[in-house]
K.L.:
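Have a look at this one before I ask anything.
Basis for what follows: all heavy atoms, side chains included, without hydrogens, waters or symmetry-related copies. Below, chain A is the first sequence line, B the second, and so on; all start at residue 1.
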Amino acid sequence: MSKLHAIVIGAGFTGVAIAHDLALRGFAVTVVERGPIVNGTSGRTHGLLHSGARYAVNDQESAIECIQENQILRLIVPDAIEPNGGLFIGITDEDMAYREKFIEGCAACRIPIKELTPQEALRLEPNLNPKLQTAFTVPDGTFDPLRLALAFAASAKSNGAVFHLYTDVVDLLTDGQGNIVGVKAWDRATDKRFEIRGDIVVNATGAWVGHITSMAGISVPITPTPGVMVAYDQRLTQRAINLLNKPGDGDIVLPQRRMMVVGTTSFTIEDPDYVPVYEDHVQLMIERGSNLIPALRQTKERGAYMATRPLIGASAPGRSISRTFKAYDHKETDNVEGLVTITGGKATTLRLMAEKTVDLICKKFNLNIPCTTAETPLLSYRKFYVN
Amino acid sequence: MTEEKWTVKFVIFRKKGDQPPRYDSYVLEVDPDEYVIDGVERIWAFHDRSLIFAHACHHSTCGACGMRVNDVEKLTCITKIRDVTTNGGSLKIEPLRNFPIIGDLVVDMTRMYAAMDRVHAKAVHPLSAAPLEGEGIRPPKDVPRNNGDEYLRLADCIECGLCISACPVAGTAENYLGPAVLAAAQLQGLKHNPDLLDLVDCADGLWRCHSAYECTAVCPSNVDPGWRIMDLRRQVVGERIKRWFVKA
Amino acid sequence: MDTPKKPNTRGILDWFDPRGRNVGGWGFIINRLSAIGLTVYLYLHLYMLGKLAQGPEAFDAFIETAKQPAIMFGEMLVIIAGLYHGLNGLRIALNSFGIAVPAQRQLLYGVVGITLIGTVVFGVRMLTAH
């Protein structure tokens with residue numbers, strides 16, 4: 001029996017995780033990506049491996065997904081993660097008013113936390129704002145976005161997945177009745193155009209899913225919601241530092257290699273292809289970041305960048321939209337066979353997003369193959385380049 | 001940053017498949033405090049969708065966006081336009097040297113990744129393996145611990161390939177391990193990894209280095225490969241002398 | 001993606017391209033040039049020694065030509081190359097034992113300084129001797 005052929009559009013976090021999952025479950029996989037691996041939202045993520053505590057009060061579905069996936073990723077891809085934990089610190093009385101809800105939320109989502117006295121917290125992380133009134137340890141981490149994605153891509157490749165990088169999908173191929181049977185591609189490295197036919201096309205283009213679905217005359221309720229992040233030239237803590245309050249702008253500062261990264265802001269746009277880094281957002285990051293870690297003010301800026309989250313739902317304010325994800329079978333929603341769209345979610349839940357999407361694809365083909373990605377250690381990211 | 005606006009001519013190396021290379025020019029209005037990668041990405045977004053270039057994290061943790069900017073290897077996501085040209089000036093952007101070109105500004109760095117694998121370079125290591133401050137000096141004595149466990153952090157080397165591009169001998173010695181790889185071997189130490197000795201102590205290992213120190217000059221990530229190669233030579237000589245006496 | 005195998009390099013030409021290079025890179029370029037110069041000189045020197053075997057007349061005639069200014073300038077270059085290459089060899093040997101690597105730039109300035117002084121001293125002697 002010949003393998004079913006799946007075409008995955010997009011090599012962001014979702015795309016590479018789906019490619020890995022599909023390949024493990026026996027599909028022939030072709031990934032088409034217009035740039036290099038994770039050149040869009042995924043690469044430009046903050047890099048926080050969420051414990052889920054950030055969402056434990058307002059978005060418990062996301063919080064539970066985060067803590068479970070956090071524990072899985074630590075095991076299957078240790079060489080992309082700094083597993084040093086995190087702190088939530090309360091500084092003002094307003095922060096302290098959030099304390100009870102935070103403790104209850106984390107308990108409900110089974111996120112292990114421990115409260116520290118200000119003295120204990122400052123002994124662990126001497127660069128914290130000395131005015132802090134309380135601190136909670138959480139199992140946060142930091143990850144390297146490219147290496148996290150490459151580990152999935154390398155594992156997919158070793159199971160036979162083929163990657164066409166720097167290759168645009170310029171159109172979808174149809175069977176004449178509006179059903180999708182493949183993609184028209186343009187390889188920009190060699191300036192060659194070709195067609196790829198498959199049994200299923202998976203649209204994993206995140207904030208760009210609308211670009212692909214519009215080729216089939218379908219629209220998806222997605223709100224591209226960019227945020228600005230700023231990196232500073234010194235490592236001032238070993239843990240990720242969060243503000244103990246409801247999610248807001250510039251309330252996470254995390255260490256990565258020799259840097260600190262502060263994020264993020266949140267606003268909505270129409271076209272995610274290019275969004276400038278706004279100067280007032282950069283200023284806001286240093287204001288908010290130095291509330292958590294005052295020494296940031298004396299630290300040189302190293303980089304400033306922007307990433308566009310794909311939030312599900314139209315025209316709602318950014319922070320109130322759930323950070324969970326959704327997979328659409330367009331046969332069911334729009335009566336178009338052969339196309340599945342996955343979007344929303346966050347970096348920490350990439351593996352779970354892939355699991356749910358591939359479950360849906362298997363169901364479509366009446367296959368009963370269980371997902372094994374949670375138990376399968378990933379290959380080293382370098383194996384994407386070295387066979 | 002300011003409201004300042006500069007006009008800068010980007011001169012971009014272009015190559016598709018087997019076609020001969022050429023240079024395309026694009027005049028952009030930029031904020032001088034923007035980074036070079038922002039200009040390159042805007043050329044793709046608004047001027048020429050056929051352009052290909054590598055990038056991912058935009059804040060120097062992934063090492064994807066190394067290019068030659070006005071003949072010097074730069075990580076373009078942390079290189080401010082102000083620091084490499086002037087108002088009305090130009091920026092020549094070319095792919096890294098000493099790697100095969102995939103197209104335009106993208107190179108195939110398999111050579112480096114394969115060699116990093118051969119010395120089993122660690123991507124994440126204990127905080128104590130390399131000091132956070134200072135250049136290429138020995139590990140710090142007093143390293144904080146996390147309730148008895150060691151803190152782990154991502155290694156300084158982001159495998160961006162700038163050092164291999166800047167190295168004057170890497171172009172004429174295709175099998176040379178290269179500065180990043182030798183630095184990774186040094187970081188692990190021969191004492192604890194004796195299997196690395198034969199790998200680095202050979203013609204295409206650390207004796208290929210001709211001490212131009214360009215690797216250290218272009219390294220965007222505090223690795224100081226020049227110092228590490230020299231320190232590795234010291235380790236190799238020490239180790240070889242020790243083995244004489246052990247055998248005899 | 002079919003990846004081409006040939007690396008993006010101009011080979012030996014890249015040894016001598018000083019654009020964008022730093023102090024250490026210049027040190028390498030001069031080191032390579034002096035090495036090639038000294039190798040060429042070695043063959044000229046062997047050729048000259050060959051004249052000895054052809055008897056005193058041939059040798060005397062050669063010494064006459066050697067006194068021409070162009071040849072003397074060439075000899076100066078040999079001195080510069082010899083001094084620089086030898087001293088830079090000491091610098092790199094020192095560095096290779098892990099000694100004074102962070103000071104490689106200052107060491108190079110020292111190498112160039114001593115080379116210049118040596119050149120002046122030799123130049124004065126050569127001019128006064130004739």
K.L.:
Are the side chains of E82(A) and L152(B) in touch, meaning some heavy atoms are under 4.5 Å apart?
P.N.:
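A side-chain contact is absent here, since even the closest heavy-atom pair is not under 4.5 Å.
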
K.L.:
Do the rings of H59(B) and Y305(A) sit parallel, tilted or perpendicular, given the 30° and 60° boundaries?
P.N.:
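The rings of H59(B) and Y305(A) lie parallel, inter-plane angle below 30°.
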
K.L.:
Measure the shortest side-chain to side-chain distance between F53(B) and P36(A) over non-hydrogen atoms and say whether it is less than 4.5 angstrom.
P.N.:
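The answer is no; the side chains never approach within 4.5 Å.
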
K.L.:
Assess the side chains of R302(A) and S60(B): does a donor N or O sit below 3.5 Å from an acceptor N or O?
P.N.:
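Yes, a side-chain donor-acceptor pair sits under 3.5 Å.
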
K.L.:
For the pair R49(B) and D273(A), find out whether any cationic side-chain nitrogen is under 4.0 Å from an anionic carboxylate oxygen.
P.N.:
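Yes, R49(B) and D273(A) are salt-bridged.
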
K.L.:
After noting the C-alpha distance and the side-chain angles of R257(A) and T61(B), does the key distance pass the side chain to side chain donor-acceptor pair (under 3.5 Å) rule?
P.N.:
CA-CA 7 Å; R257(A) 299 192 194 273; T61(B) 205; 2.9 Å; yes

K.L.:
Salt-bridge test for D79(A) and K122(B): reply yes if a basic N is under 4.0 Å from a carboxylate O, no otherwise.
P.N.:
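Here D79(A) does not pair with K122(B) in a salt bridge, since their nearest N and O are not under 4.0 Å apart.
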
K.L.:
Measure distances from I158(B) to the heavy atoms of chain A and classify the residue's part below 4.5 Å as side chain, backbone, both or neither.
P.N.:
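Both the backbone and the side chain of I158(B) come within 4.5 Å of chain A.
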
K.L.:
Give me the ring orientation class for Y113(B) and Y381(A): parallel if the planes are under 30° apart, tilted from 30 to 60°, perpendicular past 60°.
P.N.:
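Geometry flag for Y381(A) against Y113(B): perpendicular rings.
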
K.L.:
Counting heavy-atom pairs under 4.5 Å to chain A, which of M116(B), M112(B), H125(B) comes out on top?
P.N.:
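Heavy-atom pairs under 4.5 Å are most numerous for M116(B).
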
K.L.:
Would you call R153(B) and Q238(A) a side-chain contact if the rule is heavy atoms closer than 4.5 Å?
P.N.:
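Counting from C-beta outward, R153(B) and Q238(A) never come under 4.5 Å.
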
K.L.:
Taking heavy atoms only and a threshold strictly under 4.5 Å, list by residue number the residues of residues 178-189 of chain B that touch chain A; give 'none' if the list is empty.
P.N.:
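Expected list: none.
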
K.L.:
Is any side-chain N of the basic residue among R258(A) and D156(B) closer than 4.0 Å to the acidic one's carboxylate O?
P.N.:
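Result for this pair is yes, salt bridge flagged.
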
K.L.:
What part of A56(B) gets closer than 4.5 Å to chain A, counting heavy atoms only: side chain, backbone, both or neither?
P.N.:
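Both backbone and side chain.
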
K.L.:
Side-chain contact test, heavy atoms from C-beta onward, threshold under 4.5 Å: evaluate it for L146(A) versus C57(B) and give yes or no.
P.N.:
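L146(A) does not reach C57(B) side chain to side chain.
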
K.L.:
So which part of I37(A) gets closer than 4.5 Å to some heavy atom of chain B, the side chain, the backbone, both or neither?
P.N.:
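Contact with chain B is through the backbone of I37(A) alone.
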
K.L.:
Quick one: are H58(B) and M229(A) in side-chain contact, heavy atoms under 4.5 Å?
P.N.:
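Sidechains of M229(A) and H58(B): no contact.
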
